[in-house]
Amino acid sequence: MKFSKSLALFLLAWAVYWSYKSLMPSYQPDADIGKTEFSVDRALEHVKNISKEPHGVGFPGHERVRAYIISELKKMGLKTITQEGYTTGDWGNLSKATNILARIEGKQQGKALVVMTHYDSSPHSSLGASDAGSGVATILEGVRAFLEEGKTPKNDIIILITDAEELGLNGADLFVKNHPWTKDVGLALNFEARGSGGPSYMLIETNRGNAKLIEEFQKANLKYPVANSLAYSIYKMLPNDTDLTVFREDADIEGFVFAFIDDHFDYHTSLDSYERLDKKTLAHQGAYLMPLMKHFGNADLENLKSLNDLVYVNLPFFGLISYPYEWIMPMLILASLVFIVLIIVGFVKKELNGLEILKGAVPALLTLVFAGLLGYFGWSAITWWYPGFKDMLHGFTYNGHTYIVVYTLLSLAICFWSYHKFRKVSTPNLLVFPILLWLIICGAVAFYLKGASFFVLPLFGVLAAFLVTINQEKPNPFLMVFLALPAVFIFAPFVKMFPVGLGLKMLIAATIFTTLLFFLILPFVGQLKNKNRFAYLALFLFVVFSISAHVQSDFNKDRPKPSSLLYVYNSDENSALWATYDNVLIDWNGQFLGNEKRNPESREYKMIPSKYRSQFTYVTEAPKKEIPMPWIDTVVDTIIGNERILEICLTPKRNVNRVDVYTNPIKLNSARVNRIALSEYFLENRRERLITHYVSQNDYTELELSFPKDSTLQLTFYEASNDLLSNPLFTVPERPDNSIPMPFVLNDAVLVVKTLKFD
């Protein structure tokens with residue numbers, strides 16, 4: 001029996017391992033694979049060519065990448081066109097986008113399938129290998145293999161490689177609002193990235209229910225579907241958007257997003273390189289595209305809308321399983337009734353005792369409280385000990401995976417120790433409170449987060465184990481592990497998924513899911529003697545991994561620290577500043593900024609937008625340089641009725657990348673930028689920011705504004721160039737090898753500020 005428990009414990013550990021391993025395909029060099037097959041190596045060649053240099057809108061590499069993609073599509077014999085135009089999207093970010101399009105003609109008239117991604121990288125320093133060079137490579141290689149088969153699909157397939165996604169989904173906005181092919185689209189498949197590795201998660205964009213989409217997705221018979229309706233429900237509540245969001249919101253076009261999110265620290269940085277892209281991840285993207293392009297290329301795309309929703313989750317060996325929302329309450333009621341019946345049976349058999357049940361609730365409550373506190377304060381403790389981590393704005397450090405292991409092990413140590421202390425309480429009595437707690441959780445999600453209702457599936461396993469423990473003094477350990485498998489396969493990946501996806505501030509998800517999963521395997525764990533030994537083992541491993549995390553906590557060439565530096569010249573005050581967003585300076589920028597940490601006194605400098613609302617942390621006076629100021633010309637200034645009409649044109653006198661325009665708090669009746677109208681909704685909700693223009697080819701910025709004639713308008717222009725390190729007016733040295741440009745903020749920039757007032 002002792003050997004059986006040991007083997008069963010090994011099988012349980014294997015199940016945890018397999019819950020992760022089974023999510024993704026493996027990678028083997030496949031450059032010589034058949035031409036009709038998707039080759040990861042051939043796709044990697046595209047990634048290498050795309051990610052040679054930063055290629056954000058307005059940067060030199062941008063045109064080179066566009067030319068490369070067009071050339072590769074033409075090699076396949078596809079007629080390739082471009083669509084160019086200004087757009088502001090919904091974010092108030094003006095840019096000139098150039099989309100790349102091609103079309104595979106189908107056998108018959110009807111709705112078309114769109115396969116899409118974007119080719120621009122994040123502005124400034126990102127190499128864009130994963131985001132979204134991997135998407136471009138997946139589509140180029142997938143379309144090539146598809147065409148090699150020589151089979152004509154029933155539906156047209158549109159290849160859309162959008163531009164300016166990073167600036168506000170502008171290319172998608174341009175396509176949806178202005179291109180005649182939009183009316184033909186029945187479904188879109190969008191490939192994205194927010195890191196450089198890990199499994200690719202399937203998410204759905206729909207204005208209605210997901211039932212038809214999920215049913216068709218299952219018919220494609222994918223080998224490695226990674227999806228669950230909890231992620232779908234959370235995604236719908238979060239403000240994160242992709243190009244597909246524009247399709248859904250503006251054209252009622254539904255579709256799937258396939259995005260990988262691990263190794264988040266590479267996202268939007270110079271580390272987003274060909275070398276760091278996980279080959280298994282690229283294989284996973286190909287494993288989605290090929291069967292889905294074949295299936296939806298021949299499916300009825302006129303009949304994908306539904307008012308019904310499905311609960312769905314992926315399981316090893318079973319793929320994606322689903323069931324209707326209508327089953328949620330019956331399944332919850334059934335689980336509750338089974339639990340009540342088992343409680344009654346337990347009391348009748350005298351296996352359950354009221355006092356013992358109360359005692360059994362104590363370790364569950366203790367573990368939940370301590371695990372919750374550990375996770376809640378985890379990120380604060382880490383950044384207190386290592387303040388430099390605050391400058392990793394992603395919220396996920398290079399040793400972030402080790403921290404997840406550290407907090408998971410500490411949670412396990414607490415679980416084993418707590419249940420060791422209450423080892424005299426029988427397993428049936430120990431199970432009552434955890435099952436009741438899980439029923440409450442399932443009830444809560446049934447009402448407030450229906451997508452998570454698959455939580456009830458593992459509960460039936462533990463209820464079956466509860467029945468066995470009531471009737472058998474020494475249940476078969478293999479049976480107990482078998483009944484715990486649904487819980488392990490579903491919840492073990494969540495321990496990692498939430499901190500990886502949402503940052504280490506979500507370590508609480510790792511500690512809580514570890515504890516809740518422990519409750520579901522209690523029927524087996526309860527049989528283990530000397531649980532304190534497992535607690536000591538977990539505690540020992542906690543120490544080992546904590547030391548490992550500490551050893552990996554420094555910044556070096558392989559783990560470079562994000563840093564920032566700006567030169568800010570205020571022409572209104574004829575003053576200049578050095579500024580940074582860094583919480584912890586390095587020698588490179590510290591030589592300009594000194595040691596006194598403070599916020600700038602001038603309020604305007606706080607308004608320059610960034611993704612995480614970062615503010616300048618250190619500023620100090622800088623020598624004034626002769627920076628060419630933009631030419632700001634008032635073209636029209638007139639009053640018509642109760643409105644004042646103002647037309648202003650800003651023309652750069654130096655090479656610039658970006659112009660931000662802010663106003664005082666004033667109601668604008670209308671606004672146009674480079675002849676593109678800003679929506680009424682945007683004008684009503686914009687606060688003081690009017691527009692950010694990401695400049696291509698040093699173009700001008702033209703404003704046409706209408707406002708009440710009795711109002712005073714103040715315009716503040718921020719003109720920035722990302723050439724601080726190469727500008728001959730400055731002698732800023734190159735960054736050391738142990739640092740990279742900080743993403744998400746204006747960086748390595750020469751910024752000039754000019755204010756105009758119209759009384």
Side-chain angles (χ1 to χ4, degrees), residues 8 12 311 323 327-369 371 415-416 418-449 452-488 490-491 512-529 531:
L12 182 63
V311 177
Y323 57 88
W327 290 17
I328 293 175
M329 290 310 299
M331 292 175 72
L332 178 62
I333 292 170
L334 176 61
S336 301
L337 291 175
V338 170
F339 179 60
I340 292 170
V341 169
L342 291 177
I343 291 290
I344 294 171
V345 171
F347 274 104
V348 170
K349 288 181 167 288
K350 296 184 179 181
E351 293 293 327
L352 295 178
N353 175 279
L355 182 59
E356 292 296 296
I357 290 173
L358 290 175
K359 289 181 180 178
V362 174
L365 289 171
L366 282 175
T367 53
L368 272 179
V369 170
C415 288
F416 278 114
S418 298
Y419 279 94
H420 170 73
K421 289 297 181 182
F422 287 83
R423 60 190 178 278
K424 293 183 179 180
V425 180
S426 67
T427 299
N429 287 294
L430 286 174
L431 281 172
V432 173
F433 181 79
I435 294 175
L436 177 62
L437 177 63
W438 265 108
L439 278 171
I440 293 171
I441 293 171
C442 291
V445 299
F447 285 100
Y448 301 108
L449 193 62
S453 294
F454 58 83
F455 282 13
V456 78
L457 297 176
L459 190 56
F460 284 106
V462 77
L463 285 170
F466 187 34
L467 171 64
V468 174
T469 59
I470 288 173
N471 288 280
Q472 297 180 15
E473 184 177 349
K474 295 182 178 180
N476 186 302
F478 294 104
L479 175 61
M480 296 297 97
V481 169
F482 174 77
L483 294 174
L485 288 181
V488 172
I490 289 176
F491 292 120
I512 291 296
F513 269 113
T514 298
T515 305
L516 292 174
L517 177 56
F518 189 89
F519 293 165
L520 293 175
I521 62 174
L522 264 179
F524 170 70
V525 174
Q527 299 181 47
L528 301 176
K529 294 183 179 180
K531 298 181 188 66

*Keeping the roles fixed (side chain from S418, backbone from C415), state whether a donor-acceptor pair exists under 3.5 Å.*
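Such a contact is absent between S418 side chain and C415 backbone.
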*Short question: side chain of N429, backbone of K359 - any donor-acceptor pair under 3.5 Å?*
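Looks like no, no N/O pair under 3.5 Å.
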Let me confirm one number: the [atom1]-[atom2] distance from [X] to [Y], rounded to the nearest 0.5 Å.
X: L485; Y: I521; atom1: CG; atom2: CD1; value: 11.0 Å
X: Q527; Y: T469; atom1: CD; atom2: OG1; value: 9.0 Å
X: R423; Y: K421; atom1: CZ; atom2: NZ; value: 7.0 Å
X: N353; Y: L358; atom1: CG; atom2: CG; value: 9.0 Å
X: N476; Y: F524; atom1: CG; atom2: CZ; value: 10.5 Å
X: L459; Y: L520; atom1: CG; atom2: CG; value: 7.0 Å

Could you pull out the closest heavy-atom pair between [X] and [Y], with the gap in Å?
X: F347; Y: G354; value: CE2-N, 3.8 Å
X: V462; Y: L431; value: CG2-CD2, 4.3 Å
X: M480; Y: P523; value: SD-CB, 3.6 Å
X: K424; Y: E356; value: O-OE1, 4.4 Å
X: P458; Y: I490; value: CG-CD1, 3.9 Å
X: P434; Y: A364; value: CG-CB, 4.4 Å

With the side chain counted from C-beta on, respond yes when [X] and [Y] share a heavy-atom pair under 4.5 Å apart, and no when they do not.
X: V362; Y: V425; answer: no
X: F466; Y: L522; answer: no
X: L457; Y: Y323; answer: yes
X: C442; Y: V456; answer: yes
X: Y419; Y: V525; answer: no
X: N471; Y: K349; answer: yes
X: L516; Y: L437; answer: yes

*With a 6.0 Å cut-off on ring centres, are F416 and F518 close enough?*
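Judged by ring-centre distance (under 6.0 Å), F416 and F518 do meet the cut-off.
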Please list, one pair per line, the donor and acceptor atoms closer than 3.5 Å that link side chains of residues 329-339 to other protein atoms, with sequence neighbours excluded.
residue: S336; atom: OG; partner: L332; partner atom: O; Å: 2.9

_Candidates V432, L436, L430 - the one meeting side-chain contact (heavy atoms from CB on, under 4.5 Å) with I357_ =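 When V432, L436, L430 are each tested with I357, the side-chain contact (heavy atoms from CB on, under 4.5 Å) holds only for V432.
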*Are more than 12 heavy atoms from other residues, nucleotides or ligands located less than 6.0 Å from atom CZ of F478?*
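Count over threshold, so yes.
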*May I ask you to check whether over 12 heavy atoms, not counting those of E473, lie within 6.0 Å of atom CD?*
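Counting other residues, nucleotides and ligands, CD of E473 stays at 12 neighbours or fewer.
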*side chain to side chain contact (heavy atoms under 4.5 Å, CB included) assessment of T367 paired with F519*: CA-CA 10 Å; T367 53; F519 293 165; 3.5 Å; yes
*Mind telling me whether W438 and F491 have parallel, tilted or perpendicular rings, with 30° and 60° as the class edges?*
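Tilted.
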